[in-house]
> 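Got a structure for you, written out below as structure tokens; questions coming shortly.
All values derive from a computational prediction rather than experimental measurement. Below, each value reflects all heavy atoms present in this structure, side chains not excepted, and no hydrogens, waters or symmetry copies.
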Amino acid sequence: MFAFADQLSSGDGKAESVFISWLLWQPRGADLASEALKEVQKLARYGAADPDISRLRALFASLAGLDGTAH
């Protein structure tokens with residue numbers, strides 16, 4: 001689902017735009033926290049090398065509840 005993350009580099013778009021697009025493509029009734037966790041795991045392989053990807057991973061982590069906030 002998130003194959004185009006491989007093409008992201010610093011300065012190419014905003015993490016928030018990618019995150020919103022991902023949200024809009026989720027099917028009705030999807031477990032968003034569970035799906036977000038999958039994206040966090042996919043993005044983990046990039047480490048902290050790119051600030052855009054780090055921000056995107058943080059957005060997914062927040063939705064997955066990994067940052068300690070309740071959603």
Side-chain angles (χ1 to χ4, degrees):
M1 171 65 198
F2 208 68
F4 60 93
D6 292 339
Q7 300 171 0
L8 289 178
S9 63
S10 186
D12 289 342
K14 299 286 182 195
E16 289 79 3
S17 295
V18 174
F19 182 73
I20 297 286
S21 295
W22 177 88
L23 280 173
L24 292 173
W25 279 99
Q26 296 308 298
R28 184 179 304 252
D31 181 349
L32 295 179
S34 175
E35 295 302 317
L37 180 58
K38 292 176 188 176
E39 299 304 328
V40 169
Q41 293 166 343
K42 290 178 192 177
L43 292 169
R45 70 179 183 208
Y46 294 98
D50 186 296
D52 290 334
I53 292 177
S54 294
R55 175 70 180 141
L56 183 58
R57 188 173 57 245
L59 290 167
F60 282 119
S62 178
L63 181 58
L66 299 177
D67 64 353
T69 60
H71 294 282

> Taking all heavy atoms of K42 and all of R45, pick out the closest pair and write down the distance.
O-CG, 3.3 Å

> For G47 and S54, which heavy atoms make the closest approach, and how far apart are they?
O-OG, 4.0 Å

> Distance check, rounded to the nearest 0.5 Å: W25 atom CH2 versus E35 atom CD?
15.5 Å

> Using every non-hydrogen atom in the two residues, find where I53 and Y46 come nearest and quote the distance to one decimal.
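Heavy atoms of I53 and Y46 come nearest at CG2-CB, 3.9 Å.
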
> Tell me the closest heavy-atom pair linking D52 and A15, and the distance in Å.
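What the structure gives for the nearest pair is O-CB, 3.5 Å.
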
> Under 3.5 Å, side chain of S21 to main-chain N/O of S17, donor-acceptor pair present?
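At least one qualifying donor-acceptor pair exists.
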
> Could you check if a side-chain atom of L63 sits within less than 4.5 angstrom of a side-chain atom of L23, using non-hydrogen atoms only?
yes

> Between F60 and A36, which heavy-atom pair has the shortest distance, and what is it?
O-CB, 3.5 Å

> Between R55 (side chain) and K14 (backbone), is there a donor-acceptor pair under 3.5 Å?
no

